[in-house]
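This report refers to the structure that appears directly beneath it.
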Amino acid sequence: EDEQIVAEIMGRRFFPDLITHNTWEGFYFAGHEIRITEATDCYGAVVWPSALVLCYFLETNSKQCSLVDKNVIEIGAGTGLVSVVASLLGAFVTATDLPELLGNLQHNVLQNTKQKCKHQPCVKELSWGIDLEKNFPRSSCHFDYIMAADVVYHHPFLDELLLTFDHLCSNDTVILWAMKFRLERENQFVDRFQTLFDLEMISNFPSLNIALYKAMRKGRMKA
């Protein structure tokens, strides 16, 4: 079953017929052909399999997990594929990443959502753990969903990432997080994450070494 679903997920990707000066990949989600411009010299400008897993979940669970008119923020948006799909499914999306990635992120989001979405998504800088209250004040920023795909890997900002999850998450916010398991240090982040959040694995793909989680603040999952 795992291999069958993984084949379906990966089957959503297509490649250009001709090689051009622009490096891009294509994807089919939410009834649209999505073209994502990439840069192979930057981790944040490449579409990773975790993003496809999350997009597939959003599309195939659009009735049970409706995004229509929901306020969504994606952290570590990278190329913007997840943000684009969430927008096409009716959400008001804020796609965030580091300043050096915003140009390509803005291009992909605009190219794939203009005049196609109920709410035009926005792109905003977010460096994990920095100026959170200034840029995303708790009093005025409420998100129904926080989305993250492949934000845990070998980088020195895991403490800041956890702080960012904590700051952006209200009591009724749902976190949807796709994670590829790599090294033990990064895997331990899951244990630290669970000190603040109730965590439920909703999909698991051993052949990709990727798990998809749903999380809420502790004590709120059952409620």
Side-chain angles (χ1 to χ4, degrees), residues 1-16 24-38 45-97 104-123 143-152 173-180 199-216:
E1 183 181 0
D2 166 51
E3 292 181 356
Q4 183 178 357
I5 298 176
V6 166
E8 163 65 16
I9 293 173
M10 295 304 158
R12 300 301 184 92
R13 170 185 273 151
F14 69 93
F15 301 94
W24 64 270
E25 286 187 82
F27 305 88
Y28 294 108
F29 286 108
H32 291 268
E33 178 182 296
I34 301 167
R35 294 193 176 193
I36 297 293
T37 301
E38 297 180 299
V46 175
V47 177
W48 299 99
S50 294
L52 274 68
V53 167
L54 183 48
C55 289
Y56 181 81
F57 172 83
L58 296 178
E59 181 190 82
T60 56
N61 292 272
S62 59
K63 291 184 179 180
Q64 306 94 310
C65 182
S66 176
L67 297 183
V68 177
D69 298 331
K70 296 297 194 298
N71 200 14
V72 171
I73 186 169
E74 184 186 4
I75 62 174
T79 62
L81 178 61
V82 172
S83 289
V84 168
V85 172
S87 298
L88 293 171
L89 291 171
F92 179 80
V93 177
T94 302
T96 70
D97 214 313
N104 188 57
L105 176 59
Q106 177 73 61
H107 168 77
N108 285 329
V109 168
L110 182 62
Q111 175 179 262
N112 291 288
T113 62
K114 189 175 182 180
Q115 297 182 334
K116 298 178 183 177
C117 298
K118 185 175 183 180
H119 308 286
Q120 186 60 40
C122 67
V123 172
F143 299 104
D144 299 297
Y145 290 92
I146 299 171
M147 297 187 183
D150 226 350
V151 293
V152 179
T173 302
V174 175
I175 298 171
L176 294 175
W177 166 31
M179 175 175 173
K180 182 176 179 67
L199 193 64
E200 174 189 0
M201 182 186 292
I202 53 178
S203 295
N204 186 31
F205 302 99
S207 61
L208 296 173
N209 213 21
I210 292 173
L212 179 60
Y213 294 107
K214 173 184 176 182
M216 295 184 75

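Any value given below was found using the heavy atoms of this structure, including those in side chains, with hydrogens, waters and symmetry copies removed.
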- Message: Would you compute the distance between atom CD1 of I36 and atom CG of N104 and round it to the nearest 0.5 angstrom?
- Response: 8.5 Å
- Closest non-hydrogen atoms of S207 and V6, given as atom of the first, atom of the second and distance, are OG-CG2, 3.5 Å
- Note on the structure: Interatomic distance, CD@Q111 vs CD1@I34, rounded to 0.5 Å, equals 10.5 Å
- List the steps and the verdict of side-chain contact (heavy atoms from CB on, under 4.5 Å) for C65 and Y145. CA-CA 10 Å; C65 182; Y145 290 92; 3.4 Å; yes
- Whether over 12 other heavy atoms sit under 6.0 Å from E3 CD: no
- Note on the structure: Those residues at least two apart in sequence (or on a different chain) that pass side chain to side chain donor-acceptor pair (under 3.5 Å) with R12 are E8, E59
- Query: At what distance, to the nearest 0.5 angstrom, does CG of N112 lie from CZ of F29?
  - Reply: 12.5 Å
- Task: Indicate yes or no for a side-chain donor-acceptor contact from N71 to the backbone of D144 under 3.5 Å, with no hydrogens or angles considered.
- Result: no
- Item | Partners meeting side chain to side chain donor-acceptor pair (under 3.5 Å) with E33 (sequence neighbours left out) | R35
- Note on the structure: In this structure, CE of M147 is separated from CG of L58 (nearest 0.5 Å) by 4.5 Å
- Which heavy atom of L89 sits nearest a heavy atom of A30, and at what distance? CD2-CB, 3.9 Å
Could you pull out all donor-acceptor pairs under 3.5 Å where a side-chain atom in residues 81-88 meets a protein atom, sequence neighbours excluded?
from: S83; atom 1: OG; to: E74; atom 2: OE1; distance (Å): 2.5
from: S87; atom 1: OG; to: S83; atom 2: O; distance (Å): 2.8

- Query: Taking C-beta and beyond as the side chain, do P49 and F205 meet within less than 4.5 Å on heavy atoms?
  - Reply: no
- Minimal heavy-atom distance between A95 and L105, with the atoms involved, is O-CD2, 4.0 Å
- What is the distance from atom OG1 of T94 to atom CD1 of I146, rounded to the nearest 0.5 Å? 11.5 Å
- For Y213, the ring pair (Phe, Tyr, Trp, His ring centres under 6.0 Å) test, sequence neighbours excluded, returns W177
- Task: Report the C-alpha distance between V151 and M179 in whole Å, list the side-chain angles of each, state the deciding distance to 0.1 Å, and finish with yes or no for side-chain contact (heavy atoms from CB on, under 4.5 Å).
- Result: CA-CA 7 Å; V151 293; M179 175 175 173; over 6 Å; no
- Is N108 reaching over with its side chain to a backbone N or O of T79, donor-acceptor style, under 3.5 angstrom? yes
- Tightest non-hydrogen contact, residues G78 and D97, listed as N-OD2, 2.7 Å
- Sorted by chain and number, sequence neighbours left out, side chain to side chain donor-acceptor pair (under 3.5 Å) with D69 holds for K118, H119
- With side chains defined as the heavy atoms from C-beta onward, is the minimum distance between M216 and I175 less than 4.5 Å? no
- Those residues at least two apart in sequence (or on a different chain) that pass side chain to side chain donor-acceptor pair (under 3.5 Å) with Q106 are none
- Query: Do K180 and V152 have side chains that get closer than 4.5 Å, going by heavy atoms?
  - Reply: no
- Query: Taking all atoms of both residues into account, what is the closest heavy-atom pair of F14 and W24, and its distance?
  - Reply: CE1-CZ3, 3.8 Å
- Got more than 12 heavy atoms from elsewhere within 6.0 Å of CD, Q64? yes
- From F57 atom CZ to I202 atom CD1, the distance as rounded to the nearest 0.5 Å: 3.5 Å
